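Excluded from the calculations below are hydrogen atoms, water molecules and symmetry mates; all remaining heavy atoms, backbone and side chain alike, are included. Just follow the structure's listing: the first ligand is 1, and inside any ligand the first atom is 1. For this chain, numbers begin at 1 and follow the sequence in order. These numbers come from a predicted model, not from an experiment.
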Amino acid sequence: MELDIKLIDDNGKRLDGRSAEELRKIKIEAGVLHRADGSCYLEWGGNKVLAAVYGPREAIPRHTQNPLRAIVNARYNMAAFSVEDRKRPGPDRRSREISKVISEALEKIILTEQFPRSAIDVNIEVLDAEAGTRCAGLTAAGVALADAGIPMNDIPVACAAGKIAGQIVIDLGKEEDNFGDADLPVAISPRTDEILLLQMDGHLTVEEFNKALDLAIKGCHVASEIQKKAILDKYQSVKEAE
Ligand code: CDP
């Protein structure tokens, strides 16, 4: 596509003033919903996401039950008002794909064998979208699962890296996602760096791919610290209220 916006200026700064390895601002709050077993509100740049976890509870309808483990149903949804052109409400191809990859990522880290015949429902609602919503949604889901006390090997976290104007950068913003060359969302278990989700949109050489993967993992570690602080803050305030 012919570009008339310069994604990186002569000083190496991106459109929003970030350097190549700088993340957008992340804010996380755990336990924001009263009815859910666990919940989280997260802002990541211009993204605003709510995650609510219910379960483990009996999987219904019964034919969906697995006698050996719990099933994890992540449901990613974008509010009609979350994007510039009103989004038609309800599931579409894109939200089904994102729900599926997030469910599979979470299944790898939740100790599902402890809850046979059960379901763990993870609702992710995108209220405001500005690129990188699957990473923001998965990161919020990780906090909501921890808040719900669901046994996991670790708290899952995600971050993307990509290529814009020929350079590998972390955490693409909206114009970078639209006019850039590649986007690589990655979710990991931060304790082991095991990869839970990896997708790629666009083209990267092997060398660029390796660099982008390293950068995305670095970003995951930054987001992971903010997740942990959000969970500690919630339990600190509960303890103080007692
Ligand atoms: O959000 P994420 O980067 O994980 O997924 P994407 O499919 O690469 O979408 C990139 C961005 O496009 C979203 O974050 C939204 O800002 C925008 N988008 C939109 O404006 N309208 C849609 N129906 C879907 C996405």
Original post:
Is there a donor-acceptor contact under 3.5 Å linking the side chains of N73 and Y54?
Top reply: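 Looking only at side-chain atoms, Y54 and N73 do not form any donor-acceptor pair under 3.5 Å.
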Original post:
Can a salt bridge be assigned to the pair E208 and K163 using a cut-off of 4.0 Å between side-chain N and carboxylate O?
Top reply: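 Salt bridge between E208 and K163, a charged N being under 4.0 Å from a carboxylate O: yes.
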Original post:
Salt bridge or not for R94 and D92, using N-O below 4.0 Å?
Top reply: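 Looking at R94 and D92, the cut-off is not met.
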Donor-acceptor contacts under 3.5 Å from residues 106-117 side chains, at least two apart:
unit_1, atom_1, unit_2, atom_2, d
K108, NZ, L196, O, 3.2

Subject >> Residues that R75 engages under side chain to side chain donor-acceptor pair (under 3.5 Å), provided they are two or more places apart >> reply: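 Only E125 meet the side chain to side chain donor-acceptor pair (under 3.5 Å) criterion with R75.
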**OP:** Check side chain to side chain contact (heavy atoms under 4.5 Å, CB included) between R62 and all other residues, then give those that pass, not counting sequence neighbours.
**Re:**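 Applying side chain to side chain contact (heavy atoms under 4.5 Å, CB included) to R62 gives E58, Q65.
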Anything under 3.5 Å between an N or O on ligand 1 and a protein N or O? List each pair with its distance, or write none.
unit_1, atom_1, unit_2, atom_2, d
ligand 1, 1 (O), R94, NH2, 3.2
ligand 1, 1 (O), G132, N, 3.4
ligand 1, 1 (O), T133, N, 2.8
ligand 1, 1 (O), T133, OG1, 2.5
ligand 1, 3 (O), G132, N, 2.8
ligand 1, 4 (O), T133, N, 3.4
ligand 1, 4 (O), R134, N, 2.9
ligand 1, 4 (O), R134, NE, 2.8
ligand 1, 5 (O), R94, NH2, 3.0
ligand 1, 5 (O), R134, NH2, 3.0
ligand 1, 7 (O), R94, NE, 2.6
ligand 1, 7 (O), R94, NH2, 3.4
ligand 1, 7 (O), R134, NH2, 3.3
ligand 1, 9 (O), R94, NH2, 3.4
ligand 1, 14 (O), A131, N, 2.8
ligand 1, 16 (O), A131, N, 3.2

